[in-house]
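Count residues from 1 along the sequence.
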Amino acid sequence: MSTHRIAGKGRFDHGGPVRFTFDGKRYEGRRGDTIASALLAHGVHLMGRSFKYHRPRGPVCAGTEEPNALVETSRGKGRFEPNTRATAQELREGLEVRSQNRIGSLAFDLQAVNDLVHPLFSAGFYYKTFMWPRSFWDRVYEPVIRRAAGLGRAPDAPDPDRYAHRNLHTELLVIGAGPAGLAAALAAARAGAEVTLVDEHAEMGGALLSDPDVVIDGKPAWDWLAAALAELDRLGVRRLTRTTAIGYYHQNFVGLCQKLTDHLDEPPEGAPRERMWHVRAVRVILAQGALEKPLVFDGNDRPGVMLAGAAQTYLNRYGVLVGDTPAIVTSHDSAYHAAFDLADAGAKVAAIVDVRAAPGEGVLVEARRRGIEVLTSHTVTGTNGRLRVKSLRVAPVSGGRVGAARTIACDCVLMCGGWTPSLHLFSHTKGTLKWDEALDAFLPDRSAEECHIAGAGRGLWGYGAALADGAEIGVTAARALGLDAEAAAPVVERDRTGTGETFKELPTDGDAGRKRAFVDFQNDVTAKDIRLAVKEGMRSIEHVKRYTTNGMATDQGKMSNVNGLMIASDAVGKAPPQVGLTTFRPPYTPTTFGAFAGYHRGRHFEVTRRTPIDPWAEAHGAAFEPVSLWRRAWYFPKAGEDMDAAVARECAATRGSVGIFDASTLGKIEVQGPDAVEFMNRMYTNPWTKLGIGRARYGLLLGEDGYIRDDGVIGRLGEDLFHVTTTTGGAARVLNMMEDYIQTEWPDLKVWLTSTTEQWATVALNGPNARRVLEPLVEGQDLSAEAFPHMSVAECTVAGFPARLFRISFTGELGFEINVPARHGLALWEALMKEGERYDICPYGTETMHVLRAEKGFIIVGQDTDGTVTPDDAGLSWAIGKKKADFVGMRSLRRPDLVAEGRKQLVGLMTEDGDVKLDEGAQVVADPEQALPMKMIGHVTSSYYSAALGRHFAMALVEGGRDLEGRDVFVPTPEGIRRATVTTTAFYDPAGERLKV
């Protein structure tokens with residue numbers, strides 16, 4: 001039974017109950033409750049344990065900034081989520097909730113022993129404790145730390161939910177639907193602007209949802225709110241609730257994460273759980289309001305100690321009285337209004353402890369009218385209670401001295417240290433901040449985007465000020481959009497304005513160094529920890545943050561940053577702006593990986609690109625493999641064949657007669673312009689000036705470091721036109737590299753680049769009968785060896801389609817590559833298959849292609865190279881122009897380490913037993929008898945069975961490899977150490993006679 005639910009209070013559904021469990025115990029809430037509000041309605045304040053000391057903790061807030069009440073939730077099989085904020089998660093029927101970060105029960109956590117030895121865990125203890133003995137790190141320290149680290153448990157089952165992405169363009173995006181945001185959206189929409197209004201809560205209204213007694217334009221706040229939302233709907237404003245702006249990026253690009261079904265008992269079949277919005281706005285208004293600051297005093301972390309504004313929200317929005325005898329500790333007038341609301345709802349306020357000497361006269365009058373004791377110029381020196389606060393000690397302060405303390409019994413403590421503008425999103429844009437001495441707060445200064453800040457986000461307190469400022473900012477934004485607009489600020493009665501003072505930490509009696517006044521509740525960082533960090537040399541606030549972990553919690557320092565800054569600045573002896581503020585980074589609140597991934601999961605994890613010939617391969621039983629983003633035919637098995645048998649057959653057929661291969665995935669780039677030749681000379685190692693039109697050449701591309709980046713055959717089709725091919729996975733990378741050089745290094749060159757990978761379908765025809773198959777289909781080009789020798793290119797007609805025909809080979813056999821417009825690719829393939837029937841033409845896949853090229857010693861960049869291989873290492877020194885003045889990477893090739901003896905070089909390996917296949921990636925050693933750990937001198941890069949050789953063979957990168965030719969090396973394998981002889985990489989037809997016929 002909900003013993004703390006107040007009849008007639010709240011905005012939730014007072015109808016039937018919503019059942020849920022917490023740590024296995026059944027509870028009931030109401031539709032519209034959060035987990036926290038429902039548990040508080042049952043008098044449950046203990047909801048979690050802290051990270052380091054495992055101290056008992058309850059909710060501090062009522063929103064997404066909550067640092068303490070983090071729980072595990074389960075919504076069915078696979079739908080487990082750790083670190084759910086109990087203050088933000090709405091109830092749904094059957095929701096299973098469990099506390100986390102404990103061993104044993106929540107009330108009796110065995111890891112709470114850490115709290116008994118807390119002096120051992122001071123700031124920076126990791127850096128001091130685990131340095132000695134060094135041998136303990138791997139076997140003792142790291143395993144223990146890893147078991148203890150982290151908040152919550154990671155899910156161990158696949159997530160069955162769906163997540164969606166959507167793009168949105170809008171004229172005006174208003175973030176935050178509190179008083180300022182509503183007024184801004186109304187003003188801009190009335191002027192005709194296209195407005196999108198977002199808010200992270202289930203309802204729009206912000207602080208108005210917690211203050212029903214305020215009167216706006218003669219209406220109670222909630223009536224005015226309902227009318228405002230109805231008008232926004234009539235004006236066509238797009239309103240998104242349960243939607244958090246998680247990141248604000250360049251050019252007014254904003255990421256929004258919208259929760260769609262977490263609050264539903266039975267989500268519709270196939271409905272996404274969350275949707276990520278990619279929003280591009282012409283103007284943005286940030287109306288995120290301000291965050292209430294905790295006060296820093298001894299024992300401020302016990303369950304039952306929470307923010308005064310949170311207690312007011314739980315009462316007025318959820319109808320929950322958080323305590324029967326609350327005590328209020330404040331340095332700001334706003335806490336008085338929370339005390340008055342609780343008193344009016346039947347609570348007996350134990351006292352209002354005001355650290356200031358002179359609070360506002362109006363609030364004192366109201367307190368006296370309700371018979372509430374107000375203790376001005378008083379401090380809190382401690383609290384008592386194990387699983388929930390039971391009392392607090394208060395003492396007068398005069399002249400900086402703390403007087404005799406007294407104890408006040410209470411069942412909750414409501415604190416307020418003032419308010420901090422919420423500037424996280426503004427800071428994402430690199431907007432600058434300025435320190436306001438009067439408010440002791442950072443305020444927005446210069447904006448880097450087309451952005452406006454409204455209301456409490458720029459230091460304006462009170463509903464009247466927020467509404468007026470929001471209306472004015474809305475008009476300003478509308479005018480910036482070229483619209484006529486006029487401001488009309490609502491009239492506010494019973495406004496709850498007020499002032500306050502900032503205290504870095506409350507005065508205390510006794511030794512402040514022995515008190516445990518918490519600044520970061522989640523990471524158990526105390527004021528003493530921050531002062532110790534400064535004492536030990538941390539002067540930058542960023543260093544203090546990392547040394548103490550203050551502000552590194554999941555709330556991104558929303559509760560702790562300013563208090564930590566004030567204490568650090570006091571310890572350093574500098575003003576807060578001189579100490580600085582830590583960097584805010586997206587996301588604003590923790591966001592599920594699913595929301596970021598969206599549709600990219602399972603078969604849709606990456607876009608699958610298919611060639612025009614893919615349907616034929618699928619229809620003829622091909623096995624497929626992913627290559628870069630492409631789906632490629634791997635091999636074509638016949639009945640009863642495994643991959644090895646199919647590949648051996650395809651290799652033999654290609655070497656014996658003719659094989660056909662879909663090479664459409666090769667990257668293709670057109671390089672065109674008056675300076676195309678000069679550009680090619682500068683980019684590639686080879687010379688291009690004297691390459692004749694109609695001829696082709698192997699091209700090698702290096703990085704600035706001299707290492708191989710890509711390769712491919714390049715044909716010259718005209719004086720100013722080259723057809724460049726790249727590896728399948730390197731197409732985009734090579735084009736980006738070329739564009740980068742044109743735009744940043746050689747802007748004077750008149751050359752244009754065009755990606756044509758998808759424009760051409762490419763079919764490779766290889767084998768002794770390749771010419772016989774192709775010749776009947778070609779018009780406009782003589783295919784004889786004399787007229788069209790190896791490494792030639794021509795534009796002609798093939799099978800009736802315009803084509804770019806290359807005579808090149810990646811197999812060592814007579815070979816052609818036919819490029820036709822992509823829409824004709826399948827028809828070309830079928831025509832070649834029909835013509836090749838008389839020669840038993842054999843389609844082959846990527847595995848066969850790998851075997852055939854490896855038999856010839858042809859490299860694949862990224863497989864036989866690893867990012868540290870030079871042309872000489874790969875045996876490609878012949879591809880470097882000896883008379884070239886310069887090319888990308890040329891100077892690096894002269895570095896001492898790149899010409900030093902003993903570099904890894906690509907060589908062949910023949911195992912002693914030809915039936916043994918070496919694993920790719922296997923390490924190579926010189927001496928199998930050496931002591932462990934063995935010294936590795938290289939690794940296997942390619943390993944296959946060759947039907948032509950009748951045995952297995954491999955290629956490897958080995959230190960000083962070419963000098964070892966003819967000698968034996970050894971490869972440790974799970975089955976034992978294998979002996980192999982170092983050979984050249986040309987295993988088959990080393991003279992290259994077969995491809996010249």
For [X], I'd like to know if atom [atom1] has over 12 heavy atoms of other residues, nucleotides or ligands within 6.0 Å.
| X | atom1 | value |
| --- | --- | --- |
| Asp748 | CG | yes |
| Glu486 | CD | no |
| His263 | NE2 | yes |

- Item | Ring-face cation contact, Phe253 with Arg280, 6.0 Å cut, 45° max |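 Geometry flag: not set, cation outside 6.0 Å or 45°.
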
- Do Arg11 and Trp222 meet the cation-pi criteria used here (NZ or CZ under 6.0 Å from the six-membered ring centre, within 45° of the axis)?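 Ring-cation test returns yes.
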
Looking at [atom1] of [X] and [atom2] of [Y], how far apart are the two atoms once the value is rounded to the nearest 0.5 Å?
| X | Y | atom1 | atom2 | result |
| --- | --- | --- | --- | --- |
| Leu291 | Asn561 | CG | CG | 10.5 Å |
| Thr583 | Lys545 | OG1 | NZ | 7.0 Å |
| Arg234 | Leu229 | CZ | CG | 11.0 Å |
| Arg733 | Met738 | CZ | CE | 12.0 Å |

Check whether [X] reaches the backbone of [Y] with its side chain - one donor and one acceptor, N or O, closer than 3.5 Å.
| X | Y | result |
| --- | --- | --- |
| Thr243 | Thr241 | yes |
| Asp469 | Gly455 | yes |
| Glu194 | Glu171 | yes |
| Glu292 | Gly309 | yes |
| Lys430 | Phe426 | no |
| Arg446 | Gly431 | no |
| Asp495 | Tyr463 | yes |
| Asp265 | Arg92 | no |
| Ser37 | Asp33 | no |
| Asp710 | Val734 | no |

- Task: Start with the C-alpha gap between Trp224 and Leu208, add the side-chain angles, then the distance that decides, and say whether side-chain contact (heavy atoms from CB on, under 4.5 Å) holds.
- Result: CA-CA 10 Å; Trp224 180 88; Leu208 291 175; 3.9 Å; yes

- Would you sort out whether Thr756 and Ile669 count as a side-chain contact (heavy atoms from CB on, under 4.5 Å), showing the intermediate values? CA-CA 6 Å; Thr756 59; Ile669 303 169; 5.8 Å; no

- Message: So, applying side chain to side chain donor-acceptor pair (under 3.5 Å) with Arg631, which one of Thr611, Thr608, Asp614 is it?
- Response: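 When Thr611, Thr608, Asp614 are each tested with Arg631, the side chain to side chain donor-acceptor pair (under 3.5 Å) holds only for Asp614.
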
On a heavy-atom basis, which atom in [X] and which in [Y] lie closest, and how many Å separate them?
| X | Y | answer |
| --- | --- | --- |
| Leu565 | Gly580 | CD1-O, 3.0 Å |
| Trp752 | Gly673 | CZ3-CA, 3.5 Å |
| Ala245 | Val254 | CB-CG1, 4.2 Å |
| Ala88 | Thr64 | CB-CG2, 4.1 Å |
| Ser664 | Ala761 | OG-CA, 3.5 Å |
| Ala595 | Glu274 | CB-OE1, 3.3 Å |

- Modelled atom types, side-chain donor and acceptor of Glu449 and His250, under 3.5 Å: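 The answer is yes; a qualifying pair exists.
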
For residues [X] and [Y], determine if any side-chain heavy atom of one lies less than 4.5 Å from a side-chain heavy atom of the other.
| X | Y | result |
| --- | --- | --- |
| Ile285 | Leu172 | yes |
| Thr592 | Glu81 | yes |
| Glu90 | Asp262 | no |
| Asp161 | Arg75 | yes |
| Pro444 | Lys434 | no |
| Thr665 | Val627 | no |
| Glu66 | Pro59 | yes |

- Any ion pair linking Arg283 and Glu450 (charged N to carboxylate O, less than 4.0 Å)?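 Looking at Arg283 together with Glu450, the answer is yes, because their closest N to O distance falls below 4.0 Å.
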
- Item | Residues Glu200, Lys259: salt bridge by 4.0 Å N-O rule |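 A salt bridge is absent here (no side-chain N lies under 4.0 Å from a carboxylate O).
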
- Item | Positive for side-chain contact (heavy atoms from CB on, under 4.5 Å) with Arg275, one of Leu256, Leu240, Leu260 |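 So the option named by the test is Leu260.
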
- Task: Step by step, work out the side-chain contact (heavy atoms from CB on, under 4.5 Å) result for Gln89 and Thr34.
- Result: CA-CA 5 Å; Gln89 174 62 54; Thr34 62; 6.0 Å; no

- Message: For a side-chain hydrogen bond (donor to acceptor under 3.5 Å, both in side chains) check, start with the C-alpha distance between Arg238 and Thr170, then their side-chain angles and the critical distance, and finish with the verdict.
- Response: CA-CA 10 Å; Arg238 179 183 287 104; Thr170 187; 4.8 Å; no

- Taking the inter-plane angle between the rings of Trp461 and Trp419 on a 0 to 90° scale, is it parallel (under 30°), tilted (30 to 60°) or perpendicular (over 60°)?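 Trp461 and Trp419: tilted rings.
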
- Decide side-chain contact (heavy atoms from CB on, under 4.5 Å) for Glu72 and Thr84; before the verdict, give the C-alpha distance in whole Å, the side-chain angles of both, and the deciding distance to 0.1 Å. CA-CA 6 Å; Glu72 298 173 346; Thr84 302; over 6 Å; no

- Message: Determine whether the aromatic ring centres of residues His424 and Tyr588 are separated by less than 6.0 angstrom.
- Response: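 Yes, the ring centres sit under 6.0 Å apart.
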
